[in-house]
J.: 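What follows is a single structure, and I will ask about it in a moment.
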Amino acid sequence: MPSSRTGRPPVQRAARPAPPRIAGDNPLRRLRDRARKAWDRPLTAYYLILGGSMLITVLGLVMVYSASQITALQLSLPGSFFFRKQFLAALIGGALLFAASRMPVKLHRALAYPILAAAVFSMALVQVPGIGMSVNGNRNWISLGGSFQIQPSEFGKLALVLWGADLIARKQEKRLLTQWKHMLVPLVPVAFLLLGLIMLGGDMGTAIILTAILFGLLWLAGAPTRLFAGVLSVAGLIGVILIKTSPNRMARLACIGATEPKAGAADCWQAVHGIYALASGGIFGSGLGASVEKWGQLPEAHTDFIFAVTGEELGLAGTLSVLALFAALGYAGIRVAGRTEDPFVRYAAGGVTTWLIAQAVINIGAVLGLLPIAGVPLPLFSYGGSALLPTMFAVGLLIAFARDEPGARAALAMRQPRFGRKRSGGSRAERVPRRWNTMRRRASAARPSGER
């Protein structure tokens with residue numbers, strides 16, 4: 001046996017036993033626990049709303065530029081005409097989003113009645129001869145001069161969300177929601193007033209979204225099943241009458257699931273060519289800008305059917321990415337509405353989430369041939385400044401509500417830079433306690449989040 005320098009035999013060290021493995025401890029479970037822990041962080045909803053809405057808007061700008069070039073050239077306009085208008089609307093909408101995200105909840109509630117009054121007044125102006133104008137058979141537009149137009153009914157969605165949330169919150173504070181008349185009046189009559197002004201112009205797509213917002217508010221307010229079913233039955237009956245009395249709406253209903261451009265007496269050209277665009281995209285698409293259907297075959301390629309062009313150019317991967325972003329936005333909105341203790345925040349967040357998800361489902365369902373073509377844009381994605389501005393303001397509301405959660409407020413306070421701190425004067429040892437005391441005061445002032 002070899003010896004060491006001291007002449008003593010080397011010491012044989014026993015191998016350390018491996019730490020016992022815990023039963024059920026596997027990488028998949030650790031990954032799942034880590035993902036669940038990250039998902040339950042206070043700022044998750046804030047980042048999902050902010051990041052998801054920004055990604056949808058940026059991707060929408062790219063697709064508007066790609067899908068609208070041919071249409072602009074056919075109208076003897078520059079190829080970037082529609083993109084520049086959408087980009088300008090996105091800049092204005094970004095300013096509205098930032099302003100809404102920084103407003104306190106009291107200011108949001110104070111704006112509810114002025115926004116509602118302005119929406120009703122502007123929607124009534126649409127019916128005045130010489131002021132209102134028709135686009136694609138719907139009289140819901142006001143010309144602002146030149147190529148700029150505004151659709152007041154889009155702002156009616158925001159008005160109903162803010163005003164309805166404030167109304168129901170005040171009635172809940174007074175404990176009046178246990179009576180059905182306080183549950184319905186004046187929420188339902190005012191909603192029907194907005195619906196009537198919209199239907200005077202023939203825009204049933206926007207009326208459907210407004211009805212979805214109304215049902216969302218009633219559901220969040222705890223409307224009993226009988227009352228909810230009664231309002232739903234009345235709205236459904238009115239909808240059936242409006243569809244039966246309009247050959248155009250009957251033709252759109254007949255195009256559900258159509259595979260031929262001429263399906264009986266109905267002309268399903270747009271619906272069928274939307275399916276053609278999606279079918280030709282494959283997994284990863286034909287490439288950005290390489291769509292064939294946008295060359296005059298697919299009407300409204302940059303507005304109502306921009307999802308079809310997305311599927312053709314970016315393929316299944318692109319469309320699933322858009323769906324995932326909307327799903328994340330919807331989850332974050334539901335989380336904000338479910339974790340708050342403020343009634344107004346709960347109803348407003350729920351109303352905005354209902355608005356965005358219902359509109360996305362109706363638009364995508366029409367492109368897929370599962371729903372009738374309602375003529376509603378894809379939120380934050382389709383071309384149209386009138387739809388983009390109130391939608392971005394509504395997203396700013398969600399961001400403000402997500403920031404106002406106790407846990408999120410404490411986390412953001414800890415991450416805020418401390419401006420104005422002196423860099424010189426005094427030793428480092430003298431400056432460190434002052435910084436620590438500031439952080440400690442912020443941490444003690446923040447209320448616990450109540451999350452697990």
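Fair warning: this is a prediction, and the values are worked out from it, not measured in the lab.
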J.: Any donor and acceptor pair, going by atom type alone, linking the side chain of His108 with main-chain N or O of Val345 inside 3.5 Å?
T.: no
J.: At their closest point, which heavy atom of Leu278 faces which heavy atom of Phe307, and how far apart are they?
T.: CD2-O, 3.9 Å
J.: Looking only at heavy atoms, which two atoms of Met123 and Leu194 are closest? And how far apart?
T.: CE-O, 3.5 Å
J.: Sorted by first residue and then second, give each salt bridge (Lys or Arg N to Asp or Glu O under 4.0 Å) pair with at least one member in residues 139-163; sequence neighbours left out.
T.: Glu154-Lys157
J.: Who are the salt bridge (Lys or Arg N to Asp or Glu O under 4.0 Å) partners of Arg170, not counting sequence neighbours?
T.: Asp166
J.: Would you check if Gln86 and Leu61 make a side-chain contact, meaning some heavy-atom pair closer than 4.5 Å?
T.: yes
J.: side-chain contact (heavy atoms from CB on, under 4.5 Å) with Leu73: which residues, sequence neighbours excluded?
T.: none
J.: Give a yes or no answer on whether the side chain of Asn363 reaches the backbone of Val376 with a donor-acceptor pair at less than 3.5 Å.
T.: yes
J.: Under a plain distance cut-off of 3.5 Å, with no hydrogens placed, do Gln297 and Tyr276 share a side-chain donor-acceptor pair?
T.: no
J.: Sort out for me which residue in Leu111, Leu217, Val190, Ile115 forms a side chain to side chain contact (heavy atoms under 4.5 Å, CB included) with Trp163.
T.: Val190
J.: Counting C-beta onward and ignoring hydrogens, is there a side-chain heavy-atom pair between Phe215 and Leu232 closer than 4.5 Å?
T.: yes
J.: Any pair with a residue in residues 188-198 that passes side-chain hydrogen bond (donor to acceptor under 3.5 Å, both in side chains), sequence neighbours left out, goes on the list, sorted by first then second residue, please.
T.: none
J.: Which pairs count as salt bridge (Lys or Arg N to Asp or Glu O under 4.0 Å) when at least one residue sits in residues 270-297, sequence neighbours excluded?
T.: Lys294-Glu313
J.: Establish, from distance only, whether the side-chain atoms of Ser291 and Glu312 form a donor-acceptor pair under 3.5 Å.
T.: yes
J.: Evaluate Thr71 against Phe82 for side-chain contact (heavy atoms from CB on, under 4.5 Å), listing each step before the verdict.
T.: CA-CA 9 Å; Thr71 303; Phe82 293 105; 4.2 Å; yes
J.: Checking Ser246 now: which residues fulfil side-chain contact (heavy atoms from CB on, under 4.5 Å) with it, not counting sequence neighbours?
T.: Asn248, Arg249
